[in-house]
Amino acid sequence: MSGNLKLLTDTLARARQEGRAALVTYLPAGFPSVDGGIDAILATVDAGADVVEVGLPHSDPVLDGPVIQTADDIALRGGVRIADVLRTVREVHAATGTPVLVMSYWNPVSRYGVERFARELAAAGGAGCVLPDLPVAESAQWRRQAAEHDLATVFVVAPSSTDEHLAETVAAGTGFVYASALMGVTGARESVDEAAAVLTRRLRTLTDLPVCVGMGVANARQAADVAAFADGVIVGSALVATLLDGDRDALTRLTAELAAGVRPGYPASAVPRFSTAR
Amino acid sequence: MEHDFFFPAAPGSLPSGDGYFGAFGGRFVPQALVAAIDQVAAEYERAKADPAFVARFEDLLAHYVGRPSALTEAHRFAEHAGGARIFLKREDLNHTGSHKVNNALGQALLAQRMGKTRVIAETGAGSHGVATATACALTGLSCTVYMGETDMRRQAVNVARMELLGAEVVPVTSGSRTLKDAINETFRDWVARTGDTHYLFGTVAGPHPFPAMIRDFQRVIGVEARRQLLERTGRLPDAAIACVGGGSNAIGLFHAFLDDPVRLIGCEAAGRGVGSGEHAASLTAGEPGVLHGSRSYVLQDDEGQIVEAWSISAGLDYPGVGPEHAHLHTSGRAEYRPVTDDEAMHAFRLLARTEGIVPAIESAHALAGALQVGTELGPDALVLVNLSGRGDKDMDTATAHFGLEAAR
Ligand SMILES: Cc1ncc(COP(=O)(O)O)c(C=O)c1O
């Protein structure tokens, strides 16, 4: 059974043809419960998410801020297992036809078995993985399996990455490049940093892969700012926060606003934050 | 260059260029940290070969830390160890009271070379936090130390010391609120501020080059002890014993003996017993995995979630261990044995009463190992123990454990 890398690529290409950015949403599996998490993700797809990332909760999420740490903690205390993460992928993809990525720290994948994880993710209809603590230099084993099973390997790059690292990363990655909008951990921020635009521009000179920007994007205005220069806008903590507040309506509302934000015509920030032609 | 106190491992020794000790090590970090870590690696290579850096570092080790540290024969303590001769390498006599200062000074000088103005560090027992706060006060760097809330309670004296030295101590309330979580939080800080900040990591774990660099800063322990023991006894020890948290004092002791016919024995914290599930014996009871940037032995469940460790000693209360120890373990060159809280506390009090030395509870694990090993080897044996730190910080824990007068 092969994974849905092509579906991911086509979905991002279609958004580009429509002259807009894609909306990529992140929620951890098993949060607030396995079924509750699946429902929440389905709600974001209904409200306009083009691509979804399902987080594999980890005991030690070193790249995550307090919001996702808390959600991971709730999921793990609820007993979430990798089988539940894969079920989440399967049910969301089966119900919506949307490309579904898993975002995971490396140790769970490595411990589960790299080949086994790739095979089962592909069988569940997954489109690939975002592996934030796996640098290209350590990624050969995963990339072999990803290629075997038609799964995307999405690397995260940061404003601090050197040109050499960027070149190496875009050469090894598939699906899209995840450009971190800032130096720091996940979590909503007041504004999106200029660094994101600069990083995206640097990536454009190196690759035709779509560039999706995440970390810190929390509202439609910021999404519109990012959509002005990126192929996709990734939103996580702000969505997770609505569920921590127990407010399902707010989740749907925010997703719908973000979906409007990534489309042309949404008013960008009053003071343009970036000068960024594509 | 003639070195007195700084003995980087010989060229060609492990790790490999990409930071591997056999199957262990490497660099599993977010891309956002790669540039900063590359800078540390490159600057360390330059510093190592720079006579000015070496001279400044060695001057501090001699006249500020007080190296070489003494080697003390523990006659009365040894009577409880089958009559074997036992020598203690006295890292407890270093300025700040532990081996941690060797590394803290080396990295503080490196941070200055890199033009960093701010240093961050994790601490468990507070020994590394105090050493780092000290090095920062000396060099004029600003210092922030992350410490689990649980550890702040059991090592309150060291929290006060750090604050007195001008460091900001940030309580960590996530997870088990101990060393592992303090490391997570320090990495989170670093990802956001690599520009002006150096992460002064405290043990031989973490991403390459930290395990190799910190080992180099600690190698002095074994080099000195080997020389001192040869001078005093005319021979090498039968066994060299150290406690293992992340493994910095142990690798510092072991490394000088790697090519000698000397048994290398690391004592891991077995807490309430390896069978109890409440322990920190990563090599004895863990499995290979990735934690805090490198592949090594880790306490984890079947799906790669890290399991909380337990030890009465905050400095050993860690579910991982440095990758070079993982390599020495699988290759069989070193042996690792579990030592329980009770065994360690017995050795803690025994050393106080037989030698007039109050050890750190971390170091007491090595002393407990020496009691076992000495008994196993018999009266002709010569045993070298690294006394990695002093026990002043542990008075609250000891008072409670033994029900001393102050607790009433
Ligand atoms: C006195 C002392 N010994 C040992 C350790 C354990 O660290 P390592 O295994 O890196 O030597 C600590 C840690 O805080 C310590 O304070």
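Chain A is the first sequence line, chain B the second, and so forth, proteins listed ahead of strands; every chain is numbered from 1. All heavy atoms count here, side chains included; hydrogens, waters and symmetry mates do not. This structure is a prediction, so every number in the text was calculated from the model and none was measured.
Shortest non-hydrogen contact noted between A:L151 and A:G128 is CD2-N, 3.7 Å.
With hydrogens and angles disregarded, no donor-acceptor distance shorter than 3.5 Å links the side chain of B:T284 to the backbone of B:A281. No side-chain donor-acceptor contact under 3.5 Å links A:Q141 to the backbone of A:V114. No side-chain donor-acceptor contact under 3.5 Å links B:S311 to the backbone of B:D317. Judged by distance alone, with hydrogens and angles left aside, the side-chain atoms of B:T330 form a donor-acceptor pair with the main-chain N or O of B:H327 at under 3.5 Å. A:D231 places a side-chain N or O within 3.5 Å of a backbone atom of A:V211 that can act as its donor or acceptor partner. Looking at A:T186, its side chain does come within 3.5 Å of a backbone N or O of A:G65 through a donor-acceptor pair.
Comparing B:V290, B:D301, B:V298 by heavy-atom pairs within less than 4.5 Å of chain A, the highest count is held by B:V290. When the candidates B:F28, B:F187, B:W190 are compared by the number of heavy-atom contacts under 4.5 Å with chain A, B:F28 comes out ahead. Interface check for chain B: of the options A:D60, A:V62, A:V185, the most heavy-atom pairs under 4.5 Å are formed by A:D60. If you tally non-hydrogen atom pairs under 4.5 Å between each of B:V191, B:V307, B:D38 and chain A, the highest count goes to B:V191. Heavy-atom pairs under 4.5 Å with chain A were tallied for B:E303, B:Q300, B:E185, B:E287; the largest tally goes to B:E303. For chain B, the option among A:V109, A:L182, A:I82, A:D64 with the highest count of heavy-atom pairs below 4.5 Å is A:I82.
Both the backbone and the side chain of A:P135 have a heavy atom closer than 4.5 Å to some heavy atom of chain B. Only the side chain of A:L76 comes within contact range of chain B, judged by heavy atoms closer than 4.5 Å. With a 4.5 angstrom heavy-atom cutoff, A:L56 touches chain B only via side-chain atoms. Interface remark: B:R193 contributes no atoms to any contact with chain A (heavy atom separation under 4.5 Å). Of the atoms belonging to A:V156, it is backbone heavy atoms, and not side-chain ones, that fall under 4.5 Å from chain B. Of the two parts of A:P57, only the backbone, made up of N, CA, C and O, holds a non-hydrogen atom closer than 4.5 Å to a non-hydrogen atom of chain B. Contact of B:D189 with chain A is not made at all, since no heavy-atom distance falls under 4.5 Å. For A:D73, no part lies under 4.5 angstrom from a heavy atom of chain B. Contact annotation for B:E308: neither backbone nor side-chain heavy atoms come within less than 4.5 Å of a heavy atom of chain A. Interface remark: A:T70 contributes no atoms to any contact with chain B (heavy atom separation under 4.5 Å). Both the backbone and the side chain of A:S160 come within contact range of chain B, with heavy atoms under 4.5 Å apart.
The ring of A:H149 has its center no closer than 6.0 angstrom to the ring center of A:F117. When ring centroids are compared, A:F155 and A:Y178 stay outside the 6.0 Å threshold. Taking the six-membered ring for Trp and the full ring otherwise, the centers of A:H58 and A:Y105 sit less than 6.0 Å from each other.
Using a 4.0 Å cut-off between a side-chain N of Lys or Arg and a carboxylate O of Asp or Glu, B:R27 and A:E138 do not qualify as a salt bridge.
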